[in-house]
2 protein chains.
Amino acid sequence: MKVSGWEDIREEVLRRIRARDWAPGAAIPTEEALAGEFGVARATVNRALRELAEEGVLERRRKAGTRVALHPVRKATLDIPVTRLEIEGRGQRYGYRLLAEDRDEPPPAIASRLGLAKGAALLHLTALHLADGRPVLLEDRWLNPEVLGRAAPDFHAVSANEWLLTHVPYTTGDIGFSAANASAAEARLLEVAEGAALFVIDRTTWEGERPITCVRLAHAPGYRMQTMV
Amino acid sequence: MKVSGWEDIREEVLRRIRARDWAPGAAIPTEEALAGEFGVARATVNRALRELAEEGVLERRRKAGTRVALHPVRKATLDIPVTRLEIEGRGQRYGYRLLAEDRDEPPPAIASRLGLAKGAALLHLTALHLADGRPVLLEDRWLNPEVLGRAAPDFHAVSANEWLLTHVPYTTGDIGFSAANASAAEARLLEVAEGAALFVIDRTTWEGERPITCVRLAHAPGYRMQTMV
DNA sequence: GTCGTTATTATGTGCAGACATATTCACATC
DNA sequence: GATGTGAATATGTCTGCACATAATAACGAC
């Protein structure tokens, strides 16, 4: 068994955990001890254990040492897709239609999520994304008009998502996933039966302290988000 | 502006990207150059840039250098929760009821996902998870009986998920999220209207090459998975 | 025994130097 | 022009050392 390189060490540690050499909740040897055993520098062991801790397999605390996680909260990393690229990546033709665009006061729920004063007006966009001509995603977006600058984009030509991606990228925010029955209006636009189960992504983004946008993406039935764990 | 420590460097790089000092798609200085500018070791810059690359903000290739991601595929990391802990974490009382347990040949879709030969029998469990006495999650699980060993657990007393977590932890697998309308049977068990939108998590897990389990978790309406980006 | 202080210790992070490795680019060849 | 080859180079990783930091454990005062 050749152990060299932090990935080998990561695998060996994982093997020992799975083999119950190191039981859940129990402490494992110190970095120094493992470095000695494997014949590598402590930094190399540190790298391996740090990765495993980030994955939720190990729990590490200064002085207390490293132990095998008792309740390994598995962490899945999802790629949040750009709709156009996702559709084109499946070999389908991407289409986009702006349905409505006005300036309006958002409902209280949206305003408070963005941390806006009452009465502030936002740009309200509704749009449909199509794959091979069939509607697959209904977008309902509230957008802070401040971010548009003087060169207000034409959201008929370019989707808000893509415009934001190139003009206000690298934002922070939160994202939520849920299921919802299609309302009558949603059903009509997405060309599905009323009450159909939609996969809904809610996303709110900021750039630093400045609110950018709050969007609800309702995916037509059949949509599935997948990842490896 | 004091820049020391890899987190400071990470922030400063992010600031420059947001400020458009470094445009999307453009290459940024080499690690060596940045190390010189910030007065730190290259390893420190490397750590900062590596983290940003893992987040999808930067793209790095040997020799080609580091560039700002053109289509920053945002990556969200979700904690995959243990149902009991999730419910108790909300301050609710957790309940669990095993509805059915038999040994059966799984449907072809399940068998092929687990990579099983035709005719292999699996343990089939159906269970309901409750919060404050109200059903919130319907579990439909196929389980490889090999993993049970001689001490076959009593799945009336302990949920399969928790038993697996303590007896076959640290597995790999894939996980998918989707929305589905409640079937008549599902609606009855979850005490919701037929056709209600359920948030469904499909999960398949292996331990190395050995298939462990394949489960469908149908969450009652109101369920929401959330994370920061 | 309880409480507060101090010493100890494992991890977290840093530095400088080195070699490995994957690409790219330039050049020579066909 | 197309293709293969080799040098150049930026990132990837490792080592060995050092100090910082946080949390525990040991100790003493009461």
Side-chain angles (χ1 to χ4, degrees), chain A residues 1-14 16-17 21-70 72-73 75 77, chain B residues 1-14 16-17 21-70 72-73 75 77:
Chain A
M1 162 102 226
K2 191 175 142 253
V3 173
S4 62
W6 68 268
E7 289 193 275
D8 289 337
I9 293 180
R10 180 188 173 284
E11 288 311 309
E12 173 61 13
V13 169
L14 209 47
R16 291 186 187 183
I17 292 172
D21 292 348
W22 295 333
I28 73 173
T30 67
E31 293 187 347
E32 212 159 13
L34 289 174
E37 182 192 338
F38 293 133
V40 299
R42 186 169 77 89
T44 307
V45 174
N46 179 281
R47 175 76 189 271
L49 298 187
R50 180 157 45 79
E51 299 269 338
L52 286 169
E54 277 169 15
E55 291 167 36
V57 173
L58 295 177
E59 284 171 4
R60 322 195 70 200
R61 273 178 22 247
R62 277 175 164 128
K63 160 77 182 174
T66 302
R67 49 189 62 237
V68 182
L70 205 50
V73 176
K75 290 171 172 54
T77 64
Chain B
M1 159 103 231
K2 191 174 143 253
V3 172
S4 63
W6 68 269
E7 290 193 275
D8 289 337
I9 293 180
R10 181 188 172 284
E11 288 311 310
E12 172 62 11
V13 169
L14 208 48
R16 292 186 187 183
I17 291 171
D21 293 347
W22 296 332
I28 75 172
T30 66
E31 292 186 347
E32 213 159 12
L34 289 174
E37 182 193 337
F38 294 134
V40 300
R42 187 168 78 87
T44 308
V45 175
N46 179 282
R47 175 78 189 269
L49 297 188
R50 179 158 46 79
E51 299 269 338
L52 286 170
E54 277 169 15
E55 291 167 35
V57 173
L58 295 176
E59 285 170 4
R60 322 193 72 196
R61 284 198 347 268
R62 276 174 164 130
K63 161 76 182 172
T66 302
R67 49 190 61 236
V68 182
L70 203 49
V73 177
K75 291 172 170 57
T77 64

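Each chain gets a letter, A, B and so on, in the order the sequences are listed, and its residues count up from 1.
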The bend of the helix from C/dG1-D/dC30 to C/dC30-D/dG1, taken between the axes of its five terminal pairs at each end and rounded to 10°, is 10°
Rounded to the nearest 0.5 Å, the CD atom of B/E31 sits from the CG atom of B/N46 at a distance of 4.0 Å
Contacts of B/T30 and A/K63 projected onto DNA chain D by closest heavy atom; the upstream (5') one is B/T30
Separation of D/dT13 atom P from B/L49 atom CG, nearest Å, is 13 Å
| query | Would you say B/E54 has more than 12 foreign heavy atoms packed within less than 6.0 Å of its CD? | reply | yes
Notebook entry, point to check: With no hydrogens and no angle check, is any side-chain donor or acceptor of B/R60 less than 3.5 Å from a backbone partner on B/T66?
Noted result: no
Here the distance between atom P of C/dT11 and atom CD of A/E51, to the nearest Å, is 16 Å
All N/O contacts under 3.5 Å from nucleotides 14-16 of chain D to the protein, with atom names and distances to one decimal?
unit_1: D/dC14; atom_1: OP1; unit_2: A/G5; atom_2: N; d: 3.4
unit_1: D/dC14; atom_1: OP1; unit_2: A/W6; atom_2: N; d: 2.6
unit_1: D/dT15; atom_1: OP2; unit_2: A/A41; atom_2: N; d: 2.8
unit_1: D/dT15; atom_1: OP2; unit_2: A/T44; atom_2: OG1; d: 2.4

Output for pair (A/R42 CZ, A/E32 CD), nearest 0.5 Å, gives 6.5 Å
side-chain contact (heavy atoms from CB on, under 4.5 Å), that's the test. Do B/W22 and B/V13 meet it? Break it down for me. CA-CA 9 Å; B/W22 296 332; B/V13 169; 3.8 Å; yes
When rounded to whole Å, the CD to P distance for the pair B/E32 and D/dA8 reads 16 Å
Taken to the nearest whole Å, CZ/B/R67 to P/C/dT23 is 14 Å
From CG of B/L52 across to C1' of D/dT11 the rounded distance in Å is 15 Å
note: B/E31, atom CD; C/dC15, atom P; distance rounded to Å ~ 13 Å
Walking DNA chain C from its 5' end, the first of A/A64 and B/R62 to be reached, judged by nearest nucleotide, is A/A64
Taken to the nearest whole Å, CD/B/E59 to C1'/C/dT23 is 15 Å
Rounded to whole Å, the CZ-C1' distance (B/R60 to C/dT21) equals 14 Å
Exactly one of B/T44, B/T30, B/V57, B/L58 clears side-chain contact (heavy atoms from CB on, under 4.5 Å) with B/L49, and that residue is B/L58
Interatomic distance, CZ@B/R50 vs CZ@B/R10, rounded to 0.5 Å, equals 12.5 Å
So, OP1 or OP2 of D/dT24: does either fall under 4.0 Å of a side-chain N or O from A/R61? yes
Counting only heavy atoms from other residues, nucleotides and ligands, does the tally under 6.0 Å from CD of A/E11 exceed 12?
yes
Is the shortest side-chain N/O distance from A/N46 to OP1 or OP2 of C/dT13 below 4.0 Å? no
Check: Do the non-hydrogen side-chain atoms of A/L34 and A/I9 ever get within less than 4.5 Å of each other?
Finding: no
